[in-house]
Amino acid sequence: MMKFLMMMIFMIPLCFKKNMFWMVQMMLFLMMYFFMNLMINVMYYCNLSYMYSCDMLSYGLILLSIWIIILMLMSSESLYKMNFYPNFFMFNLIMLLIMLFLTFSVMNLFMFYLFFESSLIFTLLLIIGWGYQPERIQAGMYFLFYTLFASLPLLLGIFYIFNKMNYIMIYFMKFFNFNLYLLYFSMIMAFLVKMPMYFVHLWLPKAHVEAPVSGSMILAGVMLKLGGYGLLRVLILFQKVGLKLNIIFIIISLLGGFYLSLKCFCQVDIKSLIAYSSVAHMSMVIGGIMTMNYWGFIGSYILMIGHGLCSSGMFCLANINYERLHSRSLYINKGMMSLMPSMSLWWFLLMSSNMAAPPSLNLMGEISLINSLVSWCWLSMFLLMLISFFSAGYSLYLYSYIQHGKFYLGIYSFYMGLSREYLLLMLHWLPLNILIMKIDYFMIWF
Amino acid sequence: MGQSMGSFGARNVDLYMNDNPTFDPQTGFSFERKPREMKAREEDLISARIPPQFRDYCAHYLLDYQVCRYKNMPMLYKCAHEKHDYLNCEHQDYVLRMKEFERERRLRLREQRIVGAA
Amino acid sequence: MQKFSICFISFFVLFSFSMINIFFFSYFVMNNLVYILEWELISFSSMSIVMSILLDWMSLLFMMFVSLISSVVIFYSKSYMSSELNLNRFIILVLLFVFSMILLIISPNIISILLGWDGLGLVSYCLVIYYQNIKSYNAGMLTALSNRVGDVFILMVISWMMNYGSWNYFFYLDFMVNDYMMMMISVMIIMAAMTKSAQIPFSSWLPAAMAAPTPVSALVHSSTLVTAGVYLLIRFNSLLIDMFFFKVLLLLSGLTMFMAGISANYEFDLKKIIALSTLSQLGLMMSILSMGFPDLAFFHLLTHAMFKALLFMCAGVIIHMMNDIQDIRFMGGISNFIPLTCLCLNVSNMALCGIPFLAGFYSKDLILEMVSMSNLNFFIFLLYYVSTGLTMFYSFRLTMYLMINDFNLLSVYNLYDEDYVMLKSMFTLMMMSVLSGSMLMWSIFSYPYMIYLPLNIKLMVIYVSILGAFLGYLMSNMNIYSMNKYLKSYNLSSFLCLMWFMPNLSTYGLNFYFLNYGQLMLKNIDMGWSEFYSGQGLVLILKNYTVFYSFFQMNNNFKIYLFSFVLWVCFLMMFMMIYLNSL
């Protein structure tokens, strides 16, 4: 595992040379290939070295984060063309990748917290440095302070555990059993804010709308999954307390998912709609994890990976429209099927994956989550029916509004889809729909 | 529609479609009534895998029909005679059951009159 | 290269597939074989997700019909959609649709049914919104969301079926009939089938979906998509027989049959009449299924597919002739000009009404006779027979308007029939629509049904048909100046014409409440209280406190700052003296 860290650290000087934009991306592809060749045993932690290791959960999420960083570089070509500080952009991305890699691979809960917080810094730099509108300052403040405010109790909780137990390896968490309510709330809240859960989700639409496309991709793709990963690691400590108190979070998430799906219909900004749909998906993930079922954990993991690819792809599509029309509003982006019909195929494929159409990973995740939530309590069936139905509703609304009808006549001219853009979308869609063949890789890891 | 209208008059003697005859089969008949017998053999029915609801007293015609169908595939219209035989037998069986029902109804009415007079 | 266009290749592949299926079907039905091919995706927690293919005679026969109709429709659309720039996109969408339908047909497993079901819903959405106008947009949204309700029910069935340890319902349906959980599952399956097959609460999407191109209507809305619900219930039939909800389904489908028959009489749009006729026949299929005769429902499904697809294709030719006008008041006398198309139109109309010895007769007449032989109440009986009469009514009215009355469009016209591509496809279906009734009757019914009815009930079909035909003749003679009773009974007329106001139920009635609620949530919670308790509220608190505290700092009054310094120094001195004193 150290070899990957060293490779990333030595890519940093490469960012500052001239004309190295695509070289960095090729290096990252190479690193992805090396990482895929690691032998992974599905039951235990493997590839131990110093303080790093991988088990199935970390492996999938590190793969996802490397993949998304690669695709971020591919989608931000306009930065390179306009020479808008591409060196620092690449540096930012590489540092973010290092922090994410370290977050997912360390075995120590405190180091996990450290890198969890430091990935915030680089994302903040990305939002404020390369965003498009003046509102990005407030968005950055919201983003930073929501997460920081909720995660300081997490730090204290980690210190408490270390004080009591004298070791803090994640692998040994399953032998501990803390039945303290305050500890439970303090450790869970950080991840719930990150996920985000319904009432504390306000940072997400702001951050997504104001971020550049790469910021949105990494936020939707991986940063939300940090919360899920943390919950999956930390809930094992709180089994008894969790059984009593998880019901609160499940109810908030499920009802919240329903309200958020309704709110998606009222949005005028494409990115804001996709952001709200992210929160709705994540609400189901929280519901699944909190039930403490095996199906719930599995479903949340699969839905996290599927949603990472799908939402990131949709943000790329939104950016493709934005680069041509310079607006994210639904009133201007319409009738695109007459102008870019091949792109409308990709809109449809990613939209259908968003609403959990077969054979995408999202469908598998939703089936598993529905299984776990209905087997936890059959009354949740009604909320889940409403969430699934409305997710199809807003996905179709977004697709049909953007693609159909007459186009806005104020468009002067623009270029058709570039093959870089099609490659980008293909690289999002293909893992999403092909990985269902190898679904046992995602499902059997305890 | 047909069955419920036909058996409507039997409600007041508490007789319904699925009931079996309760009186002695020989009462009121001057000749000897034979019990019905299955002409098709049990092992034939099992080996032809006929579903249970079709293993009735007309099953021998059904077996002939199936054999004829299998032989004449795909020109199945050549089996019209065997099908007609089977349907005729089913018709006779249906009429017989209708008559049994009516007999049961009248015997019950008679029973009611006898009990009512006593 | 023109010879090997995508239309021709896909026609050839699908047609040969359907021929192959005929042979397999005849072998399978004789030997009563069932083959199941499985590929296990994953197996854990004692559940296994498998991808299975079920080959028994029912699925092979249905696949044969679906591929035959779709091959003929693709061949037809080569000429019908010849002016379309993006014909490749259209044909690929149709092929995807056929693929989803085949996936649905061959699955004994609720998860692969979901694959086919979801695929059908999405691809039919794409096909309905193919033309880019507002009506298509709305119709597509209505179609997709109505189908999505069914999808959601099937997702829930997946989670409830976890109770039984396997999603292969094919194996355990007969055994688990009396279970409470099976009751929940059966209710949800019936609701899903009702949304797909457009029964009473969900029937507004079918007439609206006529905004699709005609080949799509011929394939999708006559034979495949709408019959998917009926097929699902046929597969689940052993589960559903003694259940109460099944009797509710009988009532609802009978009402659908009746309502669609009445509404078709008020309609003047050609495709909507045919759509409502499809709806009526679907109600017939569902109702005979809920009486407990699944093979009769299957039989009617297949024969109906044939003649309805043919009817849609004839309608397509007529619409082309009329310069894309679909209103029947402009049409008339076309039997003088396009006799071959009228031949096909007549054959399919007569098959629809159940004229003896055409395809519809075998299925429809057998259904009505079995209905008369079984235990019903009078209302259902009335619904069946009156709907049969209404079928004749609107068919005869359509025939009168299209063929017998005068041509109303323009003074100078040229109606051109010799488009051999379209004619060949229509003739194929016409052959099948004449022969398939008899062929299927001999093949499917290994165990024949015995019918024994009094004379008048047997002739009741003929009575209602003659009555319906006579009323159709009278109705088609209406002019704008005739004594029109419609205006005197405006409320009743609009109720019957607008499909008993069900489109309102699916659109205006529900949309407003949910959207309004979403807006309310957005304004009050997201931009209201949540902000107040987190971001903006903190800003307010900080701002107010800063304003308060700046009073004590150098901003406003230097003297206050100096005096507070002096005060602190005094306090410090005091405490130090107390501390030093206590030592």
K.L.:
With respect to chain A, which residue among C/W39, C/W117, C/Y137 yields the maximal number of heavy-atom pairs within a distance under 4.5 Å?
P.N.:
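The candidate making the most pairs under 4.5 Å is C/Y137.
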
K.L.:
Which of the residues A/F348, A/F145, A/Y397, A/F199 is involved in the greatest number of heavy-atom pairs with chain C at under 4.5 angstrom?
P.N.:
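Highest number of heavy-atom pairs under 4.5 Å: A/F348.
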
K.L.:
How far apart are the closest heavy atoms of C/E531 and A/L202, and which atoms are they?
P.N.:
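Minimum heavy-atom contact is N-CD1, 3.6 Å.
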
K.L.:
Looking at chain C, which one of A/Y276, A/Y399, A/F265 has the largest number of heavy-atom pairs inside 4.5 Å, strictly under?
P.N.:
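Going by pairs under 4.5 Å, I would pick A/Y276.
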
K.L.:
For residues C/G518 and A/C266, report the shortest heavy-atom separation together with the two atoms involved.
P.N.:
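Distance-wise, the nearest heavy atoms are C-SG, 3.8 Å.
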
K.L.:
Below 4.5 Å from any heavy atom of chain C, which atoms of A/P205 appear? Answer side chain, backbone, both or neither.
P.N.:
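Interface part for A/P205: neither.
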
K.L.:
Apply the test side-chain contact (heavy atoms from CB on, under 4.5 Å) to residues C/Q132 and A/S338: give CA-CA distance (whole Å), side-chain angles for both, the deciding distance (0.1 Å), then the verdict.
P.N.:
CA-CA 9 Å; C/Q132 296 188 30; A/S338 322; 3.9 Å; yes

K.L.:
Check whether any side-chain heavy atom of C/I49 sits under 4.5 Å from a side-chain heavy atom of A/M364, and report yes or no.
P.N.:
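In short, these two side chains touch, coming nearer than 4.5 Å.
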
K.L.:
Do A/F149 and C/L538 come close enough that some side-chain heavy atom pair is under 4.5 Å?
P.N.:
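Result no, sub-4.5 Å side-chain heavy-atom pair not found.
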
K.L.:
Using a 4.5 Å cut-off on heavy atoms from C-beta on, say whether the side chain of C/L155 contacts that of A/I367.
P.N.:
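Yes, at least one pair of side-chain atoms sits under 4.5 Å.
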
K.L.:
To check you understand the geometry: which heavy-atom pair defines the closest contact between A/P358 and C/L114, and what is its length?
P.N.:
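Shortest heavy-atom separation between A/P358 and C/L114 comes out as CG-O, 4.1 Å.
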
K.L.:
Mind checking the CG-CE spacing from C/L122 to A/M351? Nearest 0.5 Å is all I need.
P.N.:
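Taking CG in C/L122 and CE in A/M351, the distance rounds to 12.0 Å.
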
K.L.:
Checking C/M521 against chain A: side chain, backbone, both or neither under 4.5 Å from a heavy atom?
P.N.:
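Both the backbone and the side chain of C/M521 come within 4.5 Å of chain A.
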
K.L.:
Compare every heavy atom of A/M355 with every heavy atom of C/R148, then report the nearest pair and how far apart it is.
P.N.:
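Heavy atoms only, the tightest pair is NH2-O, 3.3 Å.
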
K.L.:
Below 4.5 Å from any heavy atom of chain A, which atoms of C/Q536 appear? Answer side chain, backbone, both or neither.
P.N.:
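Backbone plus side chain of C/Q536, per the 4.5 Å heavy-atom cut-off to chain A.
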
K.L.:
CD1 of C/I92 to CG of A/L345: how many Å apart, nearest 0.5 Å?
P.N.:
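C/I92 CD1 to A/L345 CG: 9.5 Å, rounded to 0.5 Å.
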
K.L.:
Heavy-atom distances under 4.5 Å only: say whether C/Y533 touches chain A with side chain, backbone, both or neither.
P.N.:
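For C/Y533, neither part sits under 4.5 Å from chain A.
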
K.L.:
Does any backbone or side-chain atom of A/Q267 lie under 4.5 Å from a heavy atom of chain C? Answer side chain, backbone, both or neither.
P.N.:
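Looking at A/Q267, just its side chain touches chain C.
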
K.L.:
Side-chain contact test, heavy atoms from C-beta onward, threshold under 4.5 Å: evaluate it for A/H404 versus C/S136 and give yes or no.
P.N.:
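A side-chain contact is absent here, since even the closest heavy-atom pair is not under 4.5 Å.
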
K.L.:
Checking A/L384 against chain C: side chain, backbone, both or neither under 4.5 Å from a heavy atom?
P.N.:
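Looking at A/L384, backbone and side chain both touch chain C.
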
K.L.:
Who wins among A/A357, A/S400, A/G405 for the most heavy-atom pairs under 4.5 Å with chain C?
P.N.:
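Maximum pair count with chain C is reached by A/S400.
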
K.L.:
More than 12 non-hydrogen atoms from neighbouring residues, nucleotides or ligands closer than 6.0 Å to CD1 on A/I137, yes or no?
P.N.:
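Result for CD1/A/I137: open.
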
K.L.:
When only pairs under 4.5 Å are counted, which of C/M527, C/M51, C/M141, C/M161 shares the most heavy-atom pairs with chain A?
P.N.:
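If we count pairs closer than 4.5 Å to chain A, C/M141 comes out on top.
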
K.L.:
Sort out for me which of C/D151, C/N133, C/V152 touches chain A most, counting heavy-atom pairs under 4.5 Å.
P.N.:
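Counting heavy-atom pairs under 4.5 Å, the top option is C/V152.
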
K.L.:
Which one of C/G140, C/G119, C/C126 has the most heavy-atom pairs closer than 4.5 Å to chain A?
P.N.:
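Looking at each option in turn, the highest pair count goes to C/C126.
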
K.L.:
Under 4.5 Å, counting heavy-atom pairs only, tell me which of A/F389, A/Y146, A/W203 racks up the most with chain C.
P.N.:
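Winner by heavy-atom pair count: A/F389.
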
K.L.:
Could you tell me which portion of C/M184 (side chain, backbone, both or neither) has an atom closer than 4.5 angstrom to a non-hydrogen atom of chain A?
P.N.:
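Just its side chain gets close to chain A.
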
K.L.:
A quick test of your reading: do over 12 heavy atoms of other residues, nucleotides or ligands sit less than 6.0 Å from OH of C/Y131?
P.N.:
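Correct, the count exceeds 12.
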
K.L.:
Within a 6.0 Å radius of atom CD1 on C/I134, are there more than 12 heavy atoms belonging to other residues, nucleotides or ligands?
P.N.:
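Atom CD1 in C/I134 is not packed in, count stays at 12 or less.
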
K.L.:
Is C/W529 in contact with chain A via its backbone, its side chain, both, or neither, using a 4.5 Å heavy-atom distance?
P.N.:
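Nothing of C/W529, per the 4.5 Å heavy-atom cut-off to chain A.
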
K.L.:
Should the heavy atoms of other residues, nucleotides or ligands under 6.0 Å from OH of C/Y172 be counted, would the total exceed 12?
P.N.:
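Check passes, neighbour count above 12.
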
K.L.:
At what distance, to the nearest 0.5 angstrom, does NZ of A/K438 lie from CG of C/L41?
P.N.:
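Rounded to the nearest 0.5 Å, the NZ-CG separation comes out at 10.5 Å.
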
K.L.:
So C/F514 and A/F258, would you call those rings parallel, tilted or perpendicular, with 30° and 60° as cut-offs?
P.N.:
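Answer is perpendicular, since the angle exceeds 60°.
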
K.L.:
Identify which part of C/M181 has an atom lying under 4.5 Å from any heavy atom of chain A, answering side chain, backbone, both or neither.
P.N.:
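Contact with chain A: none, neither part.
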
K.L.:
With a 4.5 Å limit on heavy-atom distance, are the side chains of C/M47 and A/N371 in contact?
P.N.:
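No, too far: nothing below the 4.5 Å cut-off.
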
K.L.:
Relative to chain A, which segment of C/W160 carries a heavy atom at a distance below 4.5 Å: side chain, backbone, both, or neither?
P.N.:
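Looking at C/W160, just its side chain touches chain A.
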
K.L.:
Can you tell me how far CE of C/M156 sits from CH2 of A/W378, rounded to the nearest 0.5 angstrom?
P.N.:
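Going from CH2 on A/W378 over to CE on C/M156, the span is 12.5 Å.
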
